[in-house]
Amino acid sequence: MIQIANAPCSWGILEFDLGGQQGFAQVLDEMQQTGYAGTELGDWGFLPTEPTRLKAELEKRSLDLVGAFVPVALSKQVNHQAGVESALKIAKLMADAGFEDAFIVLADDNGQVPQRTKNAGRIRSTDGLSESEWQFFAHGADRIAREIKSNYHMRTVFHHHSGGYVETAAEVDKLMALTDPALLGLCLDMGHCSFGNGDPLSALKTYQDRIWHVHFKDCDPEIAGLSRQNEWDYFESVGQGLFCELGKGDVDFPAIVAELRKQQYHGWIVVEQDVLPGMGSPKQCAQRNRDYLVSLDL
């Protein structure tokens, strides 16, 4: 069974502090009111960090907790221990609150490397990791996934992401080849895949066995084109509305849904739009996105 969640980033609650954030109660209320069955955790401290209260706040709105985004600068081995500790802290919160099936959604510490942030959507081979950095990156990802599985029996997926070191299809291929498929799955994000010049449908077919978690995000081709033409950085592109409402961009969601059904995918689909302050009403966007998925029988 496919279930539909949303995430705090659709209300402007991002790992990047862009201001104008709403309180968690309003965000959870609006998720429930617009027809979603679950949420991701958001930044540490956005939702309650006391397990009993976290469980109570979600249960009174009939929401499940499906995952938590954990950014770690994996290309530097010195960051790995702190990454393990951060992931374990978050996994403990989710497990203690009764959400043992939630995912750790591991990612690079996106937006922190100037060259990658500047060239998001138009990454060149010279912008990438060295072979030794790739080895550190993959080792760190596997290490975190192993610790999460050993301590909490939870699964870890890696989220490729614009503005980080795993953005393009070739970079996703490289990471998947270097990591243990029994430990690390893939969180396929349709919008980030598209903006990184990838093909979401092709990726879905290629990594069928490793896609354990899915993010539905759309990408506006006009804004993507302007980003490349004007050499906007990642933050400017997002602020210009790069990630539009579902069905209004270049991601072929009907084909994606058909393929997920063909593969008998039974996990969560998490809607994300990155609605920043001044970009419209997050609740209205969430409702239109949910209505669009209903039109696809989801």
Side-chain angles (χ1 to χ4, degrees), residues 9 14-18 69-80 82-83 105-144 157-179 184 186-204 206-207 210 215 217-243 249-251 272 274 276:
C9 68
L14 299 162
E15 64 270 27
F16 317 110
D17 183 10
L18 300 176
F69 191 80
V70 180
V72 181
L74 291 164
S75 63
K76 306 296 182 185
Q77 193 170 18
V78 68
N79 298 320
H80 291 183
V105 184
L106 183 64
D108 192 17
D109 194 7
N110 307 299
Q112 303 303 312
V113 177
Q115 194 74 358
R116 297 293 298 205
T117 305
K118 176 185 176 183
N119 293 330
R122 50 184 187 281
I123 293 299
R124 306 164 300 187
S125 60
T126 53
D127 296 325
L129 296 170
S130 68
E131 191 58 39
S132 62
E133 288 173 325
W134 269 116
Q135 295 297 326
F136 289 140
F137 200 108
H139 174 77
D142 274 349
R143 179 185 170 191
I144 290 171
V157 288
F158 188 86
H159 186 321
H160 57 100
H161 199 289
S162 305
Y165 272 125
V166 183
E167 175 178 328
T168 68
E171 290 167 341
V172 173
D173 290 345
K174 180 78 169 179
L175 183 65
M176 292 294 98
L178 290 174
T179 51
L184 189 72
L186 179 65
C187 173
L188 180 61
D189 185 299
M190 308 304 168
H192 283 284
C193 180
S194 178
F195 188 52
N197 292 299
D199 178 350
L201 184 59
S202 176
L204 184 59
T206 298
Y207 291 111
R210 291 190 76 171
H215 282 182
K217 201 180 201 114
D218 212 343
C219 181
D220 186 321
E222 181 178 353
I223 300 299
L226 288 171
S227 174
R228 297 179 180 114
Q229 177 184 328
N230 297 322
E231 298 187 349
W232 292 339
D233 70 7
Y234 175 70
F235 298 111
E236 178 68 17
S237 300
V238 173
Q240 291 289 339
L242 174 67
F243 298 123
D250 60 7
V251 176
E272 292 189 337
D274 298 359
L276 306 183

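Small disclaimer: the values here were computed from a predicted structure and weren't measured. All residue numbers in this chain count up from 1 along the given sequence.
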> With a 6.0 Å cut-off on ring centres, are F195 and H161 close enough?
Replying inline: no
>> Using the side-chain contact (heavy atoms from CB on, under 4.5 Å) criterion, which residues pair with D142? Sequence neighbours excluded.
In response: R146, T179, D180, L183, L184
> Taking it one step at a time, do N110 and F69 satisfy side-chain contact (heavy atoms from CB on, under 4.5 Å)?
Replying inline: CA-CA 12 Å; N110 307 299; F69 191 80; 3.8 Å; yes
> Okay, side chain of Q112, backbone of A73: is any donor-acceptor separation there less than 3.5 Å?
Replying inline: no
> side-chain contact (heavy atoms from CB on, under 4.5 Å) between I144 and L106: does it pass, once the steps are laid out?
Replying inline: CA-CA 9 Å; I144 290 171; L106 183 64; 4.0 Å; yes
> N197: what forms a side-chain contact (heavy atoms from CB on, under 4.5 Å) with it, not counting sequence neighbours?
Replying inline: R228
>> For E231, give me all partners under side-chain hydrogen bond (donor to acceptor under 3.5 Å, both in side chains), at least two apart in sequence or on another chain.
In response: none
> By side-chain contact (heavy atoms from CB on, under 4.5 Å), which residues pair with D199, not counting sequence neighbours?
Replying inline: L201, S202
>> Run the side-chain hydrogen bond (donor to acceptor under 3.5 Å, both in side chains) test against E272 and tell me which residues pass, sequence neighbours left out.
In response: H215, K217
> Any Lys/Arg nitrogen of E171 or R116 sitting under 4.0 Å from an Asp/Glu carboxylate oxygen of the other?
Replying inline: yes
>> Is it true that S194 and D250 share a donor-acceptor pair across their side chains at a distance under 3.5 Å?
In response: yes
> Is the centre of the F136 ring less than 6.0 Å from the centre of the H80 ring?
Replying inline: no
> Would one find more than 12 heavy atoms of other residues, nucleotides or ligands at under 6.0 Å from atom NZ of K174?
Replying inline: yes
> Is it true that the side chains of D109 and Y165 contain a donor and an acceptor less than 3.5 Å apart?
Replying inline: no
> Considering residues at least two apart in sequence or located in another chain, which fulfil the side-chain contact (heavy atoms from CB on, under 4.5 Å) criterion with D220?
Replying inline: E222, I223, C244
> Does any non-hydrogen side-chain atom of V166 lie less than 4.5 Å from one of F137?
Replying inline: yes
